[in-house]
Amino acid sequence: MHAADQVHLLKENVEIFLPHQALEEKLALARQEHRPLRIKLGFDPTAPDLHLGHAVVLKKLRQFQELGHTIVIIIGDFTARIGDPTGKNKSRPPLSVQQVLENAQTYVNQLSKILNVDKCQIRYNSEWLEAMDMTETIRLLSQVTLAQIMQRTDFNNRFQSNLPISLHELVYPLLQGFDSLQIQADLEMGGTDQLFNCSMGRQLQEGQGAPGQAVLCMPLLKGIDGSAKMSKSEHNTIGLTEAPQEMFGKIMSIPDALLPEYLHLVTDFTPAEKQALLTRLEQGENPMAVKKLIGSNVVQQYHSAEAAAQALAFFQKQVQSKGFTEKEFTAVSWSSLALDPAQPLRLLDLCKALKPHESNSTLKRLMEAGSVWVNGTKVRDAHSLLDMESDALRIKIGKRGFFEVTPD
RNA sequence: GGGGAGAUUCCAGAGUGGCCAAAUGGGACGGACUGUAACUCCGUUAGCGUAAGCUUUCGAAGGUUCGAAUCCUUCUCUCCCCA
């Protein structure tokens with residue numbers, strides 16, 4: 001691929017370049033020195049559940065990898081003990097060595113859905129951070145001023161609103177930056193919320209007389225509820241390992257206004273295809289149709305084309321079709337429910353057996369609200385009796401609970 | 001070291017002796033609508049009970065009272081200000 005084409009490809013969707021010409025310069029450097037760029041990807045082994053928000057950054061990294069550059073994955077086992085102050089200020093319990101290893105493994109497994117993990121280097125930052133003594137630590141700290149640290153919006157906000165900031169939090173960005181120095185990163189990527197931490201790495205490198213890393217920040221993907229950021233704590237994520245039907249359904253549930261953003265950031269479509277779909281939206285096509293295409297595309301990326309087709313069919317049948325009988329019911333045998341055949345079977349008891357985690361009160365409310373159907377008929381009375389002797393019984397509880405209870 | 005504020009149901013946040021299973025908002029769930037699980041509107045949101053009603057819940061443990069989320073004591077934790 002020509003240099004200009006590479007730059008064009010790599011620039012797509014990137015929100016921040018630091019400095020502005022960083023990408024061009026680094027690529028030129030790589031060409032000049034006949035070596036791949038070393039691109040850093042940091043990971044905090046406390047929460048190894050990757051979702052589409054992470055994927056925005058990872059897909060960009062894959063482009064670099066496909067162009068022959070080297071991805072260096074940093075497992076932040078040491079920094080995990082401190083806690084990244086980004087976002088919520090909650091102290092984290094220290095992780096055991098065992099736990100860190102397990103998390104690292106699941107993390108790498110998930111990465112493999114997007115990156116070629118075999119070609120990545122994997123490093124643990126305890127390797128160098130644990131070895132530092134006080135002298136070296138102080139020397140590191142001396143390279144940054146308080147004013148610089150306080151520029152970080154998160155710290156600034158908290159300081160302004162009289163919220164506590166622990167000293168160790170102030171140090172976190174330096175440690176993350178120190179990782180860049182250690183592995184001689186040419187480039188670091190992250191979401192825009194990582195800009196400060198990433199630029200710290202650049203500063204530390206330059207302070208040591210080394211070339212500073214370029215920083216590229218990808219936009220933060222909004223959550224499926226339309227809120228500012230997809231994040232696990234907001235419960236608005238689509239996980240990379242989720243089942244096809246689940247993934248598809250979640251895409252269908254995003255607010256229509258988010259479609260352009262999702263189209264750009266999470267799909268695999270070519271720029272021309274993206275533009276075509278945007279045009280269709282602008283021309284007033286039902287957003288649902290475009291959403292289905294996006295949903296299929298996403299499922300295809302993380303599962304398969306076959307899975308995508310099935311997920312679409314499932315959605316049409318389960319959500320869109322109005323009939324009761326054609327729904328997909330989960331088969332359950334009478335015997336597995338452990339009901340007493342000698343007792344009269346109340347609807348409430350059956351629902352409780354099918355949904356053991358719901359309380360009787362909750363189930364009764366569902367019935368009163370008219371969301372429980374038995375064999376195609378809405379039943380509101382929790383105490384109506386059912387016949388266990390009968391043939392298959394089809395019951396719907398809530399929007400998602402379709403069960404078919406059958407004799408053994 | 002000194003002084004002050006606070007801990008409420010999933011979350012935020014009212015409530016300062018009975019009208020409190022506890023306002024309001026968010027979230028979640030459900031219904032209506034829609035060939036979207038979107039948008040909008042409406043409703044529900046401690047458990048048990050056919051029901052009357054009963055039980056648990058307002059940081060923890062005791063106490064006062066006919067009656068406590070509300071008053072008292074001790075404890076745990078959090079935050080702020082001054083030094």
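So you know, we letter chains A, B, ... as the sequences are listed, proteins then strands, and number each from 1.
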* **Mate of B:rA14 where both pairing distances stay under 3.5 Å, Watson-Crick or G-U** => none
* To do: For each nucleotide in nucleotides 46-52 of chain B, reading 5' to 3', give B when a protein heavy atom comes within less than 4.0 Å of its base, S when such contact involves only the sugar-phosphate, and - otherwise.
  => -SSBSS-
* Cationic N near anionic O, under 4.0 Å, A:R123 to A:D179 -> no
* To do: Dump the intermediate steps for side chain to side chain contact (heavy atoms under 4.5 Å, CB included) on A:Q300 and A:E306, then the final yes or no.
  => CA-CA 8 Å; A:Q300 198 167 332; A:E306 194 181 30; over 6 Å; no
* To do: May I ask you to say what A:K355 touches in the nucleic acid, namely base, sugar-phosphate or nothing, with a heavy-atom cut-off under 4.0 Å?
  => nothing
* **Counter-base of B:rA28, judged by Watson-Crick or G-U geometry with both distances under 3.5 Å** => B:rU44
* Asked: Watson-Crick or G-U wobble partner for B:rC77, using a 3.5 Å limit on both distances?
  -> B:rG6
* Asked: Do A:Q203 and A:Q148 have side-chain atoms, one donor and one acceptor, less than 3.5 Å apart?
  -> yes
* Can you tell me the distance, in whole Å, between the CZ atom of A:F402 and the C1' atom of B:rG30? => 13 Å
* Side chains of A:Q99 and A:N103: donor-acceptor distance under 3.5 Å anywhere? -> no
* Between A:D186 and A:R38, is the closest basic N to carboxylate O distance under 4.0 Å? -> no
* Charged N-O contact under 4.0 Å between A:E358 and A:K364 -> no
* Nearest-angstrom distance, P atom, B:rG13 to B:rG6 -> 14 Å
* Structure fact -> Re B:rU70: Watson-Crick or G-U wobble partner, both distances kept under 3.5 Å, found to be none
* Could you state the CD-P distance from A:E285 to B:rU36, rounded to the nearest angstrom? -> 13 Å
* Measure from CG on A:D225 to P on B:rC29 and round the result to the nearest Å. => 11 Å
* Asked: Roughly, in whole Å, what's the span from CD in A:Q318 to P in B:rU36?
  -> 15 Å
* To do: Could you pick out which residue, A:A369 or A:M288, lies toward the 5' side of RNA chain B when each is mapped onto its nearest nucleotide?
  => A:A369
* Distance, C1' atom - from B:rU34 to B:rC19, rounded to whole angstrom -> 43 Å
* Asked: Heavy atoms under 4.0 Å, any strand shown: does A:G249 hit a base, just sugar-phosphate, or nothing?
  -> base
* Protein-nucleotide distance (A:M252, atom CE; B:rC39, atom P), rounded to Å -> 12 Å
* Watson-Crick or G-U wobble mate for B:rG35, both contacts under 3.5 Å -> none
* Structure fact -> Residues passing the side chain to side chain contact (heavy atoms under 4.5 Å, CB included) test with A:T279, sequence neighbours excluded, are A:Q275, A:Q283
* Asked: Between A:W373 and A:K291, which is nearer to the 5' end of RNA chain B once each is assigned its nearest nucleotide?
  -> A:W373
* Whole-Å C1' distance, B:rG17 and B:rA22 -> 15 Å
* To do: Check whether any side-chain N or O of A:K396 sits under 4.0 Å from OP1 or OP2 of B:rG31, and answer yes or no.
  => yes
* To do: Answer yes or no: are there more than 12 heavy-atom neighbours, outside A:K317 itself, under 6.0 Å from its atom NZ?
  => yes
* To do: Quickly work out the A:E368 CD to B:rA32 P distance and round it to whole Å.
  => 16 Å
* Would you mind reading off the distance between A:L258 atom CG and B:rC39 atom C1', rounded to a whole angstrom? => 13 Å
* Expressed in angstrom and rounded to an integer, what is the separation of A:E234 atom CD from B:rG26 atom C1'? -> 11 Å
